[in-house]
S.K.: 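Before we start, here is the structure in question, set down as structure tokens.
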Protein chains: 2
Amino acid sequence: MPIEKDSPQGRRAPARRAGDHGRYGRLSRERVLATALRLVDREGLSALSMRRTGAELGVEAMALYRYAAGKDALLDGLVEALYAELEERLAASPESPGWRDELHRIAAETYAVALAHPNVAPLLATRMLAVPLARRPLAVLRDHERVLTVLGRAGLDEETTVMAFRAVTGWLLGYVLGDLRAMVDNPDEPDPAFRLGLHRMPARELPRLRDAAPTLARHGGPAGLAAGLDALLDGFTRGAA
Amino acid sequence: MPIEKDSPQGRRAPARRAGDHGRYGRLSRERVLATALRLVDREGLSALSMRRTGAELGVEAMALYRYAAGKDALLDGLVEALYAELEERLAASPESPGWRDELHRIAAETYAVALAHPNVAPLLATRMLAVPLARRPLAVLRDHERVLTVLGRAGLDEETTVMAFRAVTGWLLGYVLGDLRAMVDNPDEPDPAFRLGLHRMPARELPRLRDAAPTLARHGGPAGLAAGLDALLDGFTRGAA
DNA sequence: ACCGTACGTTTACGACGTATATGTACACTT
DNA sequence: AAGTGTACATATACGTCGTAAACGTACGGT
């Protein structure tokens with residue numbers, strides 16, 4: 001905070017005062033969430049604070065409390081924003097006729113959204129799953145509804161459908177989280193062993209891992225996601241059919 | 001902090017002073033991690049701070065920095081502790097002869113460890129996966145080595161093995177994170193609809209989810225984990241065999 | 001008897017989340 | 001046109017956090 005603190009003789013040209021609702025227009029939940037999302041995308045989760053988000057908006061931290069009940073709610077809002085983006089994407093391309101293709105479409109778009117906001121993805125594990133089902137943001141519930149509905153087209157009984165639902169969402173989350181961050185230590189090093197930081201690894205005791213590391217360090221990408229998804233779906237539909 | 005702050009006339013019976021290495025014996029990395037783990041198990045991740053962990057040990061916060069480079073390192077240490085526990089458990093029961101059974105054993109023990117420390121589990125997503133492969137704690141690398149080795153017994157080629165490795169670990173993580181926390185809103189309410197908080201849900205727009213919610217709110221448990229695992233393994237081995 | 005070093009404390013700083021109180025401008029009434 | 005309620009943002013303050021830097025004390029080796 002500089003010196004011009006709104007001194008009594010004050011009102012230097014653009015010095016905001018109480019009630020002056022910001023020079024950048026009014027706040028809104030959307031503006032707050034979008035700003036927080038940009039901040040996290042740019043500088044990571046640990047850079048997100050009420051104070052910094054407020055500063056980004058040209059506003060004091062306490063002003064945000066009208067649009068998010070607290071920091072936890074702000075984090076939940078980021079999850080919400082991600083699912084809103086997913087819904088947009090899904091609405092942009094046509095629904096596939098086959099249930100299996102449709103699940104692949106959903107998975108691929110989810111992967112794409114997470115890839116676009118890698119710093120936010122961990123919140124899916126820490127925040128979204130920690131909230132009881134019925135309290136999750138509407139966009140999340142609509143996603144669940146969509147997956148359940150598509151799975152219903154496969155003609156499974158209720159019990160198996162729920163199993164498959166859990167399997168698909170669990171797989172999706174696990175894969176996305178694992179695949180998102182490069183497992184690479186130093187991206188600029190040309191020698192693969194050094195690039196992966198393998199010289200730090202007691203390779204003698206971990207021969208299998210040493211051999212697999214280069215392959216492992218490559219992203220599985222959407223292809224790996226789809227392969228696992230197919231494996232899962234095969235497993236559940238064969239048991240039922 | 002009470003009044004007795006080591007006043008000059010001081011040395012009331014057990015008043016610790018600089019250099020008095022604590023009344024509870026020396027510190028060690030194991031003691032620090034174990035204390036932090038207990039604290040998190042008892043009061044949750046957000047209760048973990050250097051200061052509180054220190055207090056729990058009868059020591060100032062700064063004393064911990066000799067055993068963990070900072071709070072981040074402390075969190076990583078918790079992951080390490082979890083995998084150490086997993087290794088103990090795996091060593092306690094005999095290895096299965098069949099590769100498939102052995103994978104089930106690993107999965108089940110991993111699930112059990114996570115269940116024993118539900119508050120720590122999110123760290124597997126946020127901390128462990130964020131660290132480049134080669135920098136992960138040794139216990140984690142040994143776990144990866146073990147899974148890769150067991151998968152090798154299935155006779156898959158290198159590419160497929162890595163795929164399957166990713167699938168298994170992803171599935172494990174996703175399932176554990178999703179299944180750990182009850183999806184229940186208010187556990188004491190007898191009416192299922194209220195217990196699940198379904199009255200908060202716009203049920204009209206989410207009919208499929210409303211029907212599935214009771215089943216969904218029940219834990220899948222180890223059985224669900226195993227079912228998905230088998231489905232995955234079937235998918236990968238059939239493609240190769 | 002001396003000293004280096006391992007171990008823990010003290011002090012301090014800036015950032016954080018948020019409870020509480022306060023101020024201002026605009027939409028309404030009348 | 002004057003008055004008023006309320007929506008919106010600020011101001012101030014408190015306790016907690018992570019951690020850098022400097023300091024003290026005890027102990028093993030000489």
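Sequence lines set the chain letters: A, B, ... in the order given, protein chains first and strands last, and positions in each chain run from 1.
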S.K.: Only counting residues at least two apart or in another chain, list the ones meeting side-chain contact (heavy atoms from CB on, under 4.5 Å) with A/A107.
M.R.: A/L172, A/L225, A/L229
S.K.: Rounded to the nearest angstrom, tell me the gap between atom CD in B/E60 and atom C1' in D/dT19.
M.R.: 14 Å
S.K.: From C-beta outward on B/M62, which listed nucleotide comes closest to its side chain: D/dT19, D/dA9, D/dT10?
M.R.: D/dT19
S.K.: Could you state the atom-to-atom distance from CG of A/D72 to P of C/dC16 in whole Å?
M.R.: 16 Å
S.K.: Sorted by first residue and then second, give each ring-ring contact (aromatic ring centres under 6.0 Å, His included) pair with at least one member in residues 194-216 of chain B; sequence neighbours left out.
M.R.: B/F194-B/H199
S.K.: Tell me whether the OP1 or OP2 atom of D/dC8 has a side-chain N or O from A/R26 closer than 4.0 Å.
M.R.: yes
S.K.: Between A/D76 and A/R136, is there a side-chain N and carboxylate O pair less than 4.0 Å apart?
M.R.: no
S.K.: Enumerate the residue pairs fulfilling ring-ring contact (aromatic ring centres under 6.0 Å, His included) with a member in residues 123-149 of chain A, sequence neighbours excluded, ordered by first and then second residue.
M.R.: A/H144-A/F165
S.K.: By side-chain contact (heavy atoms from CB on, under 4.5 Å), which residues pair with B/R210, not counting sequence neighbours?
M.R.: B/M201, B/A203, B/P207
S.K.: What is the bend of the helix from C/dA1-D/dT30 to C/dT30-D/dA1 when you compare the axis at one end with the axis at the other, using five pairs each and rounding to 10°?
M.R.: 10°
S.K.: Output all residues satisfying side chain to side chain donor-acceptor pair (under 3.5 Å) with B/E87, sequence neighbours left out; order by chain, then residue number.
M.R.: B/R142
S.K.: Restricting to nitrogen or oxygen on both sides, can you table the protein-nucleotides 16-18 of chain D pairs closer than 3.5 Å?
M.R.:
from	atom 1	to	atom 2	distance (Å)
D/dC17	OP1	B/S49	OG	3.3
D/dG18	OP1	B/K71	NZ	3.2
D/dG18	OP2	B/M50	N	2.9
D/dG18	N7	B/R51	NH1	2.3
D/dG18	O6	B/R51	NH1	3.3
D/dG18	O6	B/R51	NH2	3.2

S.K.: What integer distance in Å separates A/L27:CG from D/dT10:C1'?
M.R.: 12 Å
S.K.: Looking at residues at least two apart in the chain, or sitting in another chain, which of them share a side chain to side chain donor-acceptor pair (under 3.5 Å) with A/R89?
M.R.: A/E109
S.K.: Between atom CG in B/L64 and atom C1' in D/dA20, what is the gap in whole Å?
M.R.: 15 Å
S.K.: Distance check needed: D/dT10 P versus A/R66 CZ, whole Å only.
M.R.: 11 Å
S.K.: Pairs of donor and acceptor atoms involving the side chains of residues 38-48 of chain B, under 3.5 Å and at least two apart or interchain, shall be tabulated with distances.
M.R.:
from	atom 1	to	atom 2	distance (Å)
B/D41	OD1	B/H117	ND1	3.1
B/D41	OD2	B/H117	ND1	2.7
B/R42	NH2	B/E56	OE2	2.6
B/E43	OE1	B/R52	NH1	2.9
B/E43	OE2	B/R52	NH2	3.0

